Number of protein chains: 2
Amino acid sequence: MTESNNNPLASVDIQRPIVTVDVVLVTLAGEELRLVLQERDREPEKGRPALIGGYVWPQADVDVTAAALRILKAKACLDGLFLEQLMSFSGPDRDPRGWSVSVAYLALVPQEALESAARSGAAPFHLVDPQSPPALPFDHNRIVAAAMARLRAKSAWSTLPAFLLPSSFSLPELKAIYEKVLGTPLNDSAFRRKILEMRLVEEIEARSVPTADRKRPAQLYRLARPTLTAFDRTV
Amino acid sequence: MTESNNNPLASVDIQRPIVTVDVVLVTLAGEELRLVLQERDREPEKGRPALIGGYVWPQADVDVTAAALRILKAKACLDGLFLEQLMSFSGPDRDPRGWSVSVAYLALVPQEALESAARSGAAPFHLVDPQSPPALPFDHNRIVAAAMARLRAKSAWSTLPAFLLPSSFSLPELKAIYEKVLGTPLNDSAFRRKILEMRLVEEIEARSVPTADRKRPAQLYRLARPTLTAFDRTV
DNA sequence: TTAATAGTGTCTTTTAGACAGTATATA
DNA sequence: TATATACTGTCTAAAAGACACTATTAA
């Protein structure tokens with residue numbers, strides 16, 4: 001577990017950092033963006049709501065992303081959602097167990113998938129405002145801030161927000177989620193023009209069901225490509 | 001060095017991964033972008049040109065970025081350059097020493113600073129084409145590809161390419177480096193309009209020195225803000 | 001029919017590109 | 001003066017925004 005090396009502390013062997021994964025899980029609850037937390041199931045900070053995370057298991061995981069997927073499935077009963085590596089956070093003090101590296105991920109889950117996970121026995125979810133979350137353990141507030149910045153920025157030039165919606169959605173719904181994530185109103189005809197002309201979505205043979213206050217049913221669409229698609233820019 | 005846990009392999013304690021840093025160092029040599037490699041100074045792959053990297057030292061480094069800065073200084077005599085964390089690469093096979101996580105960084109260095117580092121005793125640099133580098137050890141080709149994609153994408157909407165230039169530069173030089181990084185010609189008057197109207201640069205009291213084929217001296221500028229500045233988008 | 005959202009058409013504004021033309025240096 | 005690059009001005013094209021107007025549903 002150690003490497004001999006030209007260490008600044010001379011004869012001391014190199015200690016390996018703790019390596020963990022933390023997932024900033026974001027969903028849409030009703031009309032609002034929500035950050036999904038779970039109570040920690042062990043020390044330190046046992047019982048406190050925190051990002052969904054855990055150790056990387058070299059014996060079990062083929063890479064850190066596999067660890068994130070494994071942890072999401074084990075702790076939140078979630079599978080097949082949008083997952084993107086953000087960056088790593090590290091240091092001697094961010095975790096009381098010692099010098100640690102946490103590889104942070106952004107994950108998006110549609111409301112229905114989260115509700116289904118809750119019903120299938122996941123530990124309870126705490127939904128909080130991701131723009132002003134409560135004080136979280138470790139450096140989780142910093143990780144959330146970085147994740148939300150990435151979500152906001154990337155949403156301006158990619159199909160990212162669509163991964164907060166079910167697989168079929170109307171253009172008014174899509175526009176609403178873009179506005180929610182970007183925090184700014186969008187021009188309706190320009191939005192439709194862009195989304196349709198770039199062929200980011202394709203019509204499906206269905207319309208939304210009208211409700212009391214959503215009178216006219218809307219044409220439903222699905223993403224033309226099931227993966228994240230960039231427009232305007234390329235990253 | 002181990003954690004007890006609800007490990008899938010039951011009674012086996014968790015091994016900690018090796019944690020390293022790899023820096024994709026890019027410079028401008030003459031008119032061309034160049035990836036800067038150094039020969040590895042120890043096994044494995046001793047003597048082979050590779051990314052500049054090394055172990056994270058929990059005893060010495062306050063975080064992984066500090067490790068990257070320490071390693072750049074120790075191995076390449078480089079200091080004060082643009083450094084941005086890319087993402088982590090991980091897995092059981094990428095390093096023969098065992099399951100490892102490498103936190104990759106993109107670093108940009110002006111040609112003059114690299115030449116000065118070479119003169120001040122850094123181990124020799126190997127400069128190669130970053131778009132089609134030779135076969136590199138470990139998963140370094142993959143890391144280079146990710147770094148170049150980030151450089152290209154981010155250059156379209158930020159002052160990133162300016163960090164490949166000395167602190168003062170002319171607009172023709174700035175335009176040339178954008179074109180080199182983006183791989184596409186830019187409209188001259190539109191480029192000047194954008195850069196000047198957004199006040200990304202400010203005039204300094206100097207002009208470039210004319211040479212045989214650069215007849216008219218150009219006004220010199222410096223970045224209005226010494227840090228990376230985004231335009232159009234925000235990330 | 002009314003009300004409320006869905007969707008379209010078109011004019012205006014903004015921004016980027018094309019490109020001619022002027023300015024300033026060397027030789 | 002010839003020439004090569006630096007720089008400016010202006011027309012055109014493309015994209016985004018504003019907004020009126022039509023369409024379709026429930027009640």
Side-chain angles (χ1 to χ4, degrees), chain A residues 30-31 155-159 161-162 165-166 168-180 182-222 230-234, chain B residues 30-31 155-159 161-162 165-166 168-180 182-222 230-234:
Chain A
E31 298 286 285
S155 293
W157 50 271
S158 78
T159 56
L165 295 178
S168 72
F169 48 79
S170 68
L171 290 188
E173 285 168 343
L174 188 64
K175 173 168 173 268
I177 184 64
Y178 270 89
E179 290 177 325
K180 210 42 100 177
L182 296 173
T184 171
L186 295 177
N187 182 283
D188 186 53
S189 70
F191 180 82
R192 303 179 81 98
R193 211 160 38 203
K194 183 112 187 175
I195 297 291
L196 293 174
E197 283 176 4
M198 297 207 68
R199 302 193 186 286
L200 298 173
V201 297
E202 51 195 25
E203 268 188 41
I204 61 175
E205 290 282 329
R207 297 174 159 266
S208 63
V209 289
T211 61
D213 60 328
R214 297 194 86 81
K215 303 298 179 75
R216 176 175 168 181
Q219 177 63 48
L220 293 183
Y221 295 83
R222 65 167 164 245
F231 45 90
D232 288 357
R233 335 174 149 184
T234 319
Chain B
E31 298 286 287
S155 293
W157 49 273
S158 77
T159 55
L165 295 178
S168 71
F169 48 81
S170 68
L171 290 189
E173 284 167 343
L174 187 64
K175 173 167 174 269
I177 184 65
Y178 269 88
E179 290 176 324
K180 207 44 100 176
L182 296 173
T184 172
L186 296 176
N187 181 283
D188 187 52
S189 69
F191 180 82
R192 303 179 81 96
R193 207 160 43 203
K194 185 113 187 173
I195 297 291
L196 293 174
E197 282 176 4
M198 299 207 65
R199 302 194 185 285
L200 299 173
V201 298
E202 51 194 26
E203 268 187 44
I204 60 175
E205 291 281 329
R207 298 174 158 265
S208 64
V209 289
T211 62
D213 59 329
R214 297 195 84 82
K215 301 298 178 73
R216 178 176 164 180
Q219 176 64 48
L220 293 184
Y221 296 82
R222 64 169 165 242
F231 45 89
D232 288 356
R233 335 175 149 186
T234 321

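Since we're looking at a predicted model, the values are computed, not measured. Throughout, a chain's letter reflects where its sequence line sits, starting with A, and its residues are numbered from 1.
A/Gln219 has its CD atom 14 Å from the C1' atom of D/dA23, to the nearest Å. Here D/dA6 presents its P atom at 14 Å from CG of B/Leu196, a figure rounded to the nearest Å. Between the CG atom of A/Leu186 and the P atom of D/dG17 there is a distance of 8 Å, rounded to whole Å. Rounded to a whole Å, the CZ atom of A/Arg192 is 15 Å from the C1' atom of D/dC19.
Atoms CE and CG, from B/Met198 and B/Leu196 in turn, are 11.5 Å apart once rounded to the nearest 0.5 Å. A/Glu202 contributes atom CD, which lies 12.0 Å from atom OG of A/Ser168 (distance to the nearest 0.5 angstrom). Here CZ of A/Arg207 is found 8.5 Å from CG of A/Leu220. Values are rounded to the nearest 0.5 Å.
For the contact set between residues 171-178 of chain B and DNA chain C, defined by any heavy atom under 4.0 Å, there are no members.
A/Gln219 contributes no side-chain N or O that, together with a main-chain N or O of A/Glu205, makes up a donor-acceptor pair within less than 3.5 Å.
Proximity of A/Asp188 to A/Arg192: side-chain heavy atoms (C-beta onward) are separated by under 4.5 Å at one or more points. The shortest side-chain heavy-atom distance between A/Leu174 and A/Tyr221 does not fall under the 4.5 Å cut-off. Residues B/Pro217 and B/Val209 fail the side-chain proximity criterion, which asks for heavy atoms closer than 4.5 Å.
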>> Across nucleotides 15-27 of chain C, 5' to 3', mark each nucleotide with B, S or - according to how protein heavy atoms within less than 4.0 Å reach it.
In response: -BBBB---BBBB-
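In this pair, B/Phe191 and B/Tyr178 present their aromatic rings perpendicular. The plane angle is above 60°, beyond the 30 to 60° band.
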